Peer 1: 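Quick one: the structure is below, and I'll ask about it shortly.
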There are 2 protein chains.
Amino acid sequence: MAEPRISSIDGKLAEEFAVPSHVDEVKEKMVSFARLHADAGRRVVLITSGGTKVPLESRTVRFLDNFSSGRRGASSAEYFIDSGYAVIFLHRHRSLYPYTRMFLSVNMLDALQFRAGEGAPANSGEVVVDQQVLPNIAKVLRRYNEVKEERLLLPIEFSTLSEYLHLLKVAAQALSSLGSKAMFYLAAAVSDFYIPASDMPEHKIQSSDGPLQLSMKMVPKILSPLVKDWAPQAFVISFKLETDSTILIKKARRALDTYRHQAVVANVLDSRRGYVVVVTPETEAELILTDEDEKNEVEIEERIVSNLTAAHKSFIMQPVG
Amino acid sequence: MAEPRISSIDGKLAEEFAVPSHVDEVKEKMVSFARLHADAGRRVVLITSGGTKVPLESRTVRFLDNFSSGRRGASSAEYFIDSGYAVIFLHRHRSLYPYTRMFLSVNMLDALQFRAGEGAPANSGEVVVDQQVLPNIAKVLRRYNEVKEERLLLPIEFSTLSEYLHLLKVAAQALSSLGSKAMFYLAAAVSDFYIPASDMPEHKIQSSDGPLQLSMKMVPKILSPLVKDWAPQAFVISFKLETDSTILIKKARRALDTYRHQAVVANVLDSRRGYVVVVTPETEAELILTDEDEKNEVEIEERIVSNLTAAHKSFIMQPVG
């Protein structure tokens, strides 16, 4: 028996958000991935990461975007893998990526050099990494290769809000067979507003027409059908980013009341790398990096993942119903 | 004697677009770069590349953006350097970059491996590039190092529209001493609309307040003071990207009439990699890649740069006034 509100979101998805052409192919990949790791007894987490693009024109020149480097999602992916999870990494095209994120700020050509010595002339053509520029490269490459070898990471890209919404839906369906062993870690910065395809001009908006008036509709709250309909047994974590700390916890609690999922990771823009609160219906856990932690380059995502994997374990063990 | 219209743009720049804190430092770098290459008898081109971000909130979570990978600017920079120019590359943070652009689609960790052989154990820790994955790397690295050695490329980054506008202004001032030997190649996709700092909410716009109404003002046409006031002797090229081919040439001509600069590179979104028209007050040159060209991986930017460097040469030789 479908609830009217849920099916209306499903209907809206189909009508107002273009279905990406590769959605079936992606679903197939996700289903195989889930099956492979379920058979191996692994838990699987779907991580969403990065911001969504909202086009203002159907042949898109302009778009609305959300601030998000994808840092939190990319680093969390590594910690989940280290904790024994397999990871579907649903991320914004060109946002930060697990492992490679560690040297994104370096121009690769500044980190490469022609190999000299051992009789090799400087122009032998063999190109090696200068490990003074990238001191961690051997360690990172080794870990990356292990993860690839064991097929622990399935990367899936999105750019637009429409792609994100449809791919999240098929991910939820693909993971539903895992029941409570699936986690959704919804770290992407999803737009709250969009322009429906029917209201969108085809061509580039002309600046000669004068100032721009935009009227944007609210994006349907996808968390609602995700929790109730698509993956009702899964362990679901949403994120709340605000710039105003005074309303943060209130908003996190309101989200839990509304959607009935398991936890909200709440954070404030300016302090998000050193402070988050994991809010559940019963608890509030403050995770804080100390100066000592920061000196040791501890990342807050390690703490977040540690908190949530423990909670997920209890969730799986608890009697159903 | 300042014209009212020009000084009003200057005034607007100061009032409504936050001045980046490093603007003086950047100007100093540009002045030194211009002097170095003027002394060596080189022409200098300022290339702008990538899209501009327009914040919707002062502590920015959301922003309006323009579609632009920065591909045209990055590849043009290489061809200008090959043609004997020194290049100031004013580009959007993380947009495509000269030389490195060639392997942006590859995850670097997939292109690296531990060096084996010659008695080196696989885990010796030396990391080399797999040249089956990156077949051009040795050639690109060699060229990149030459360019670095000869200091032919000065990269400067922007993200927001405000940064772009202020940095373009100081670039024009820094290059004014070169007179007609300076070229401006304005390939960046600059927003036509913005929200003045005074109209901007401080905090993240709340979606619970309902649908979003945005009212955006038109960005002042920076080309006007650039041509008339900041770099009146320079050779200035603007770009016109449309999705509707029927209005393209008309719009290019209108821009030339309005701003009195030297050329417009006009192109249509869908065909921009294989077809452009270089429009000058007297001429229209269609540049087209043939199937043969595309098979040989010829890039249209090579043709654009060849057309414009020839025109720039004539421009420099013509009697002043």
Side-chain angles (χ1 to χ4, degrees), chain A residues 53 56-57 59-67 94 97 99-100 103-104 107-110 112-115 118 123 125-129 131 134 137-138 140-142 144-145 148 189 191-193 202-207 210-219 241-244 247 269-270, chain B residues 53 56-57 59-67 94 97 99-100 103-104 107-110 112-115 118 123 125-129 131 134 137-138 140-142 144-145 148 189 191-193 202-207 210-219 241-244 247 269-270:
Chain A
K53 237 167 112 155
L56 303 188
E57 297 133 337
R59 303 196 197 179
T60 307
V61 174
R62 301 195 178 89
F63 55 94
L64 195 76
D65 209 333
N66 277 58
F67 166 81
R94 298 252 175 90
Y97 195 84
Y99 309 107
T100 52
F103 42 84
L104 193 82
N107 179 336
M108 242 317 148
L109 290 173
D110 289 323
L112 298 178
Q113 56 191 13
F114 289 100
R115 189 164 77 88
E118 293 176 51
N123 276 0
E126 195 172 18
V127 176
V128 304
V129 174
Q131 299 197 25
L134 294 180
I137 188 68
V140 172
L141 178 61
R142 209 165 275 131
Y144 177 79
N145 286 342
K148 198 156 78 170
S191 178
D192 292 310
F193 304 104
E202 179 185 358
H203 287 296
K204 184 179 172 186
I205 299 164
Q206 292 298 321
S207 60
L212 182 65
Q213 299 291 336
L214 285 179
S215 182
M216 307 189 75
K217 287 176 68 174
M218 287 171 61
V219 172
L241 173 71
E242 294 293 337
T243 58
D244 181 354
I247 59 172
L269 186 61
D270 292 337
Chain B
K53 239 166 112 156
L56 304 187
E57 298 132 329
R59 302 198 198 178
T60 305
V61 173
R62 301 195 179 90
F63 55 94
L64 194 77
D65 208 333
N66 276 59
F67 165 81
R94 296 253 176 91
Y97 194 84
Y99 309 107
T100 51
F103 42 85
L104 195 81
N107 179 335
M108 242 318 147
L109 289 173
D110 289 323
L112 297 179
Q113 56 192 12
F114 289 100
R115 189 165 77 88
E118 292 175 51
N123 276 359
E126 194 172 18
V127 176
V128 303
V129 174
Q131 299 198 23
L134 294 179
I137 189 68
V140 172
L141 179 59
R142 208 165 277 131
Y144 177 79
N145 286 341
K148 198 156 77 169
S191 177
D192 292 311
F193 304 104
E202 180 184 355
H203 287 296
K204 186 178 171 187
I205 300 163
Q206 292 298 321
S207 60
L212 182 63
Q213 300 291 336
L214 285 180
S215 182
M216 307 189 74
K217 287 176 69 173
M218 287 172 61
V219 173
L241 174 71
E242 294 292 337
T243 58
D244 181 354
I247 59 171
L269 186 63
D270 293 338

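Predicted model, so just to flag it, every value in this text is computed and none were measured. Labels below follow one simple rule: chain letters A, B, ... track the order of the sequence lines, proteins then strands, and each chain is numbered from 1.
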Peer 1: How close do E126(A) and Q131(B) get, counting heavy atoms only, and between which atoms?
Peer 2: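 Nearest heavy atoms, E126(A) then Q131(B): CA-NE2, 4.0 Å.
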Peer 1: Most heavy-atom pairs under 4.5 angstrom with chain B, which of L64(A), L109(A), T100(A), I247(A)?
Peer 2: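 Option with the top pair count is L109(A).
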Peer 1: Return the minimal non-hydrogen interatomic distance between L112(B) and I137(A), and the atom names on each side.
Peer 2: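 Scanning both residues, the minimum pair turns out to be CD1-CD1, 3.9 Å.
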Peer 1: Using a cut-off of under 4.5 Å for heavy-atom pairs, which of V140(B), V128(B), V127(B) has the most such pairs with chain A?
Peer 2: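 The option with the most such pairs is V127(B).
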Peer 1: Do you know which two heavy atoms are closest between F67(A) and F63(B), and how far apart they sit?
Peer 2: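 Here F67(A) and F63(B) meet closest at N-CE2, 3.5 Å.
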Peer 1: Return the option, out of Q113(A), K148(A), Q213(A), K217(A), with the maximum number of heavy-atom pairs under 4.5 Å with chain B.
Peer 2: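 Most heavy-atom pairs within the cutoff with chain B belong to Q213(A).
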Peer 1: Taking atom CG of D65(A) and atom CG of N66(B), what is their separation to the nearest 0.5 Å?
Peer 2: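 Answer rounded to 0.5 Å: 11.5 Å.
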Peer 1: Please look at L134(A) and chain B and tell me whether the side chain, the backbone, both or neither of the residue comes under 4.5 angstrom of a heavy atom of that chain.
Peer 2: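 L134(A) has no heavy atom closer than 4.5 Å to chain B.
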Peer 1: Can you tell me how far the CZ atom of F193(A) sits from the CG atom of L214(B), to the nearest 0.5 Å?
Peer 2: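 F193(A) atom CZ to L214(B) atom CG measures 8.5 Å (nearest 0.5 Å).
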Peer 1: For chain A, find which of F103(B), Y97(B), Y144(B) contributes the most heavy-atom pairs closer than 4.5 angstrom.
Peer 2: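 Option with the greatest count: Y144(B).
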Peer 1: Where does Y99(B) contact chain A at under 4.5 Å (heavy atoms): side chain, backbone, both or neither?
Peer 2: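 Both backbone and side chain.
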Peer 1: Taking all non-hydrogen atoms of both residues into account, name the closest pair between G125(A) and A138(B) and its distance.
Peer 2: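 Here G125(A) and A138(B) meet closest at O-CB, 4.1 Å.
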